[in-house]
Amino acid sequence: MSEEPTAEPFVKAADEGDTYHALGGLALLKATADETDGSFNLVERRGDENRVVTPLHVHRSDDELWYVLDGEMELFIDGELLSAEPGDTAFAPQNVPHALRIAADGTRYLVLRTPGNKSLFGAVGTSVDEVTIPTDGPDDAERDRLDTFVENSDVEILGPPPFDL
């Protein structure tokens, strides 16, 4: 006999969802692991050129997919530098090294992680009421929260961002 799902159906409006300024950009949580019974997390990210830049890293138990809504992203996936524009989808399965950077002002993209684990953005970012792109980058407190998150997660930092900035 299978376990009954506890997830409830929902619809979130365009700017609805828990909202954070995190790692140089806006994170709008569209579907959380709690809401999907751990199936996935879906986050809308918004940011400006070179404000969101990740180090080279790997997820040991999550697959990660990006879908660009507006603007442009550069992704470094498994040693290959790729560009993604509106309508493009990029995918990095678990255990594949990757990094990303926002390559144009006003970029918006969706990031889907499956299975859904604890949200990086909720753990690291600062909760905000307004859906705005932050004008400043991560401060020391946010960097400390990121270090703690990485220490207690399946994410492994492999090196600095592999982009020409």
Verdict with supporting geometry, Lys12 and Glu44, salt bridge (Lys or Arg N to Asp or Glu O under 4.0 Å): CA-CA 12 Å; Lys12 290 186 183 175; Glu44 180 181 337; over 6 Å; no
Using every non-hydrogen atom in the two residues, find where [X] and [Y] come nearest and quote the distance to one decimal.
X      : Y      : answer
Gly38  : Pro115 : O-CB, 3.5 Å
Pro86  : Gly71  : CD-O, 3.1 Å
His57  : Ile157 : CB-CD1, 4.0 Å
Thr54  : Ala99  : OG1-CA, 3.2 Å
Phe149 : Val124 : CB-CG2, 4.0 Å
Trp66  : Ile77  : CZ3-CD1, 4.0 Å

Linking I/L/V/M/F/W/Y whenever their side-chain heavy atoms sit closer than 4.5 Å, directly or via other members, would [X] and [Y] fall into one cluster?
X     : Y      : value
Tyr67 : Leu112 : yes
Leu29 : Phe40  : no
Leu28 : Leu23  : no
Val68 : Val43  : yes
Val53 : Leu158 : yes

- request: Measure the shortest side-chain to side-chain distance between Val155 and Asp62 over non-hydrogen atoms and say whether it is less than 4.5 angstrom.
  value: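 They are not in contact (no side-chain heavy atoms under 4.5 Å apart), so the answer is no.
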Could you give the distance from [atom1] ([X]) to [atom2] ([Y]), rounded to the nearest 0.5 Å?
X      : Y     : atom1 : atom2 : answer
Ile102 : Asn50 : CD1   : CG    : 9.5 Å
Phe10  : Thr36 : CZ    : OG1   : 7.5 Å
Leu100 : Leu56 : CG    : CG    : 11.0 Å
Phe163 : Glu74 : CZ    : CD    : 6.0 Å
Asp88  : Leu82 : CG    : CG    : 10.0 Å

- request: Please say whether more than 12 non-hydrogen atoms of neighbouring residues, nucleotides or ligands are located less than 6.0 Å from CG in Asp164.
  value: no
field: Other residues, nucleotides, ligands: >12 heavy atoms within 6.0 Å of Asp140 CG
entry: no
task: Please step through side chain to side chain contact (heavy atoms under 4.5 Å, CB included) for the pair Asn41 and Phe121, ending with a clear verdict.
output: CA-CA 11 Å; Asn41 291 328; Phe121 305 110; over 6 Å; no
- request: State, without any angle test, whether Ser83 and Glu72 hold a side-chain donor-acceptor pair at a distance under 3.5 Å.
  value: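 Yes, because at least one side-chain N or O of Ser83 sits under 3.5 Å from a partner of the opposite role on Glu72.
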field: Donor-acceptor side-chain pairing of Asp37 and Thr6 below 3.5 angstrom
entry: yes
Check: [Y] main-chain N/O paired with [X] side-chain donor or acceptor under 3.5 Å:
X      : Y      : value
Arg51  : Asp136 : yes
Thr114 : Ser39  : yes
Ser127 : Gly125 : no
Lys30  : Glu16  : yes

Electrostatic pair Asp154:Arg60 at N-O distance under 4.0 angstrom: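 No, this pair does not count.
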task: Kindly determine whether Glu49 and Arg101 satisfy side chain to side chain contact (heavy atoms under 4.5 Å, CB included), including the steps that lead there.
output: CA-CA 8 Å; Glu49 183 174 6; Arg101 87 171 181 93; 4.0 Å; yes
message: Show, in sequence, the C-alpha distance, side-chain angles and deciding distance for Glu35 and Leu42, and conclude whether the side chain to side chain contact (heavy atoms under 4.5 Å, CB included) test is met.
response: CA-CA 10 Å; Glu35 295 169 325; Leu42 180 66; over 6 Å; no
- prompt: Between Thr107, Val52, Val131, which is the residue that forms a side-chain contact (heavy atoms from CB on, under 4.5 Å) with Arg46?
  reply: Val131
field: Plane angle bin for His98 and His59 - parallel if under 30°, tilted between 30 and 60°, otherwise perpendicular
entry: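 It falls in the parallel class, under 30°.
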- prompt: So His21 and Leu26, side chain to side chain contact (heavy atoms under 4.5 Å, CB included) or not? Walk me through it.
  reply: CA-CA 5 Å; His21 282 177; Leu26 176 80; 3.9 Å; yes
